[in-house]
Amino acid sequence: MTVYFIGAGPGAADLITVRGARTLAACQVCLYAGSLVPRELLAECPPDALLVDTAQLNLDEITDELVRAHERGHDVARLHSGDPSVFSAVAEQMRRLDAAGVPYEVVPGVPAFAAAAAALKRELTVPTVGQTVILTRIAHRATAMPDGEDLATLGRSGALIVLHLAARYVDRVVEELLPHYGADCPAAVVAMASRPDELILRGSLSDIAEQVKAAGVIRTAVIMVGRTLGAEQFRDSHLYSAERDRHVC
C-alpha cells in the first residue's frame, strides 16, 4: 500500500487541493500534526479511519506508525501543514520509508508564503523591481543553517526575503537585513494566514519589529521583506504587452 504526504495548506480547511481532499478521503489511516493542521480537515477522512495525532511523536514513532499501517495493507495519509516541499520535515520521513521499502507519493499543497501574499494582495515578483524570492529561516534552537545561507549573506542579493519560523526573532531579522535593505524597505508579517484569526502587519524595517512585539506574534507567522511589497510605479510585464509577437513560442 502507499503513504501519501499531503499538503494540508496554510490553515483554512478549504485551501486543501481537490487531489489532497480526494486522497485523504480514500485512506484508512491518517497521521496529522494536531497543532498545525485544522481539525475540520479530518472530516474528509473515512468514518472508520484511524486518526493519529503526531504532535507528541518523534521521528521513529511516526515511522513505526507508517510502516505498521503499510504492513496491515492500509493506505496512509500523512497530513502536513502548508506544502511538503518546504520546511516540512518530509525528507527524513521519506528516507526512512525508502529504507523500509514502503512506497509513497507526494500531494502538493498551498504554502504559507502564498497565503500570506494573498492576504497582502501582493504579487511577489514585479517587473523591473524584483524577480527573485528567497524562502528561508534563521538558525536558533533548530538545525543550524548551512554555510553561506545566513540571513546577512542572503540579504546582499536585495531580493524579496520570506522568513518562516522567525517571528520570535524579529529583532535579529531586522538587525541583519538593515545594512542591505535600508530602514525604509517595506516589510510585512502575516500570522495565521488564511485562518479566521489572521493578523496582517505592514510597515518597514524601521518599525516592523515593534509592531510584531506589540501584537504578541511569536509563531505561525511569515515575515516578508523587500521592495516588491511596496511597488506601485513599475513597467507592465511583457507577457500581456500589445507589442509582444504571440506567434513566436
Side-chain angles (χ1 to χ4, degrees), residues 1-13 15-42 44-45 49-72 74-117 133-146 149 162-167 192-195 219-222:
M1 306 305 289
T2 303
V3 172
Y4 295 92
F5 292 100
I6 302 172
L15 281 181
I16 191 171
T17 66
V18 173
R19 180 180 297 181
R22 288 175 177 169
T23 304
L24 188 57
C27 290
Q28 300 96 327
V29 178
C30 175
L31 275 67
Y32 66 99
S35 58
L36 298 172
V37 172
R39 293 196 63 83
E40 300 96 307
L41 274 182
L42 301 181
E44 300 287 344
C45 297
L50 173 63
L51 306 180
V52 180
D53 185 352
T54 62
Q56 302 302 318
L57 302 184
N58 61 39
L59 178 59
D60 288 335
E61 292 167 333
I62 291 170
T63 303
D64 288 344
E65 291 283 353
L66 297 174
V67 172
R68 278 199 298 269
H70 169 73
E71 291 173 343
R72 293 195 299 266
H74 293 157
D75 284 327
V76 185
R78 176 67 174 110
L79 267 180
H80 278 272
S81 62
D83 180 77
S85 67
V86 289
F87 304 119
S88 65
V90 161
E92 54 259 44
Q93 295 175 65
M94 292 176 176
R95 182 168 59 187
R96 297 293 184 95
L97 294 183
D98 284 335
V102 177
Y104 56 83
E105 296 182 16
V106 179
V107 180
V110 177
F113 79 88
V133 178
I134 297 174
L135 307 178
T136 189
R137 64 174 184 83
I138 59 175
H140 41 94
R141 291 180 301 173
T143 308
M145 297 295 287
E149 292 190 17
V162 179
L163 286 133
H164 295 72
L165 313 171
M192 305 294 181
S194 80
R195 303 183 189 190
R219 58 183 303 178
T220 321
V222 173

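Considering only residues two or more places apart in sequence or on other chains, Thr17 meets the side chain to side chain contact (heavy atoms under 4.5 Å, CB included) condition with Arg19, Val107. Contacts of Ala221 classified as side chain to side chain contact (heavy atoms under 4.5 Å, CB included), with partners at least two apart in sequence or in another chain: Ala167, Val189, Ala191, Val217. With sequence neighbours excluded, no residue forms a side chain to side chain contact (heavy atoms under 4.5 Å, CB included) with Ala25. Residues satisfying the side chain to side chain contact (heavy atoms under 4.5 Å, CB included) criterion with Ile138, sequence neighbours excluded, are His140, Leu151, Leu163, Ala166, Tyr169, Arg172, Val173. Under the rule for a side chain to side chain donor-acceptor pair (under 3.5 Å), Asn58 has no partner lying at least two apart in sequence or in another chain.
In terms of heavy atoms, Ala193 sits closest to Ala112 at CB-O, 4.4 Å. Here the shortest heavy-atom pairing between Gly109 and Pro84 reads N-CD, 4.0 Å. The two residues Gly101 and Pro103 come nearest to each other via the heavy atoms O-CD, 3.7 Å. For the residue pair Pro10 and Pro111, the shortest heavy atom distance occurs at CB-O, 4.4 Å. The minimum heavy-atom distance between Val67 and Ala100, with the atom names listed, is CG2-CB, 4.0 Å.
Contacts classified as side chain to side chain donor-acceptor pair (under 3.5 Å) and involving residues 29-40 (residues at least two apart or in different chains) are given here: Tyr32-Arg39. For the side chain to side chain donor-acceptor pair (under 3.5 Å) condition, the pairs that include at least one residue of residues 62-71, sequence neighbours left out, are Glu65-Arg68. Applying the side chain to side chain donor-acceptor pair (under 3.5 Å) test to residues at least two apart or on different chains, the pairs with a partner in residues 101-114 are Asp98-Tyr104. Among pairs with a residue in residues 79-99, those fulfilling ring pair (Phe, Tyr, Trp, His ring centres under 6.0 Å) read Phe87-His164, at least two apart in sequence or across chains.
Atom CZ of Arg72 has more than 12 heavy atoms from other residues, nucleotides or ligands within 6.0 Å.
Residues Leu57 and Val52 form a side-chain contact, since some pair of their non-hydrogen atoms from C-beta on lies under 4.5 Å apart. Put simply, the side chain of Ile16 does not reach to within 4.5 Å of the side chain of Glu44, judged on heavy atoms. Between Leu50 and Gln28 there is no side-chain heavy-atom pair separated by less than 4.5 Å.
For the pairing with Cys30, the side chain to side chain contact (heavy atoms under 4.5 Å, CB included) check across Asp53, Leu42, Asp75 returns one residue only, Leu42. When each of Val76, Leu41, Leu79 is tested with Ile6 by the rule side chain to side chain contact (heavy atoms under 4.5 Å, CB included), just one qualifies, namely Leu79.
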Criterion side-chain contact (heavy atoms from CB on, under 4.5 Å) on Ile62 and Arg96, from CA distance to verdict = CA-CA 10 Å; Ile62 291 170; Arg96 297 293 184 95; over 6 Å; no

Would Thr54 and Arg78 count as a side-chain contact (heavy atoms from CB on, under 4.5 Å) if you check the C-alpha gap in whole Å, the side-chain angles of each, and the deciding distance to 0.1 Å?
-> CA-CA 10 Å; Thr54 62; Arg78 176 67 174 110; 3.4 Å; yes

Start with the C-alpha gap between Leu66 and Val102, add the side-chain angles, then the distance that decides, and say whether side-chain contact (heavy atoms from CB on, under 4.5 Å) holds.
-> CA-CA 9 Å; Leu66 297 174; Val102 177; 5.9 Å; no

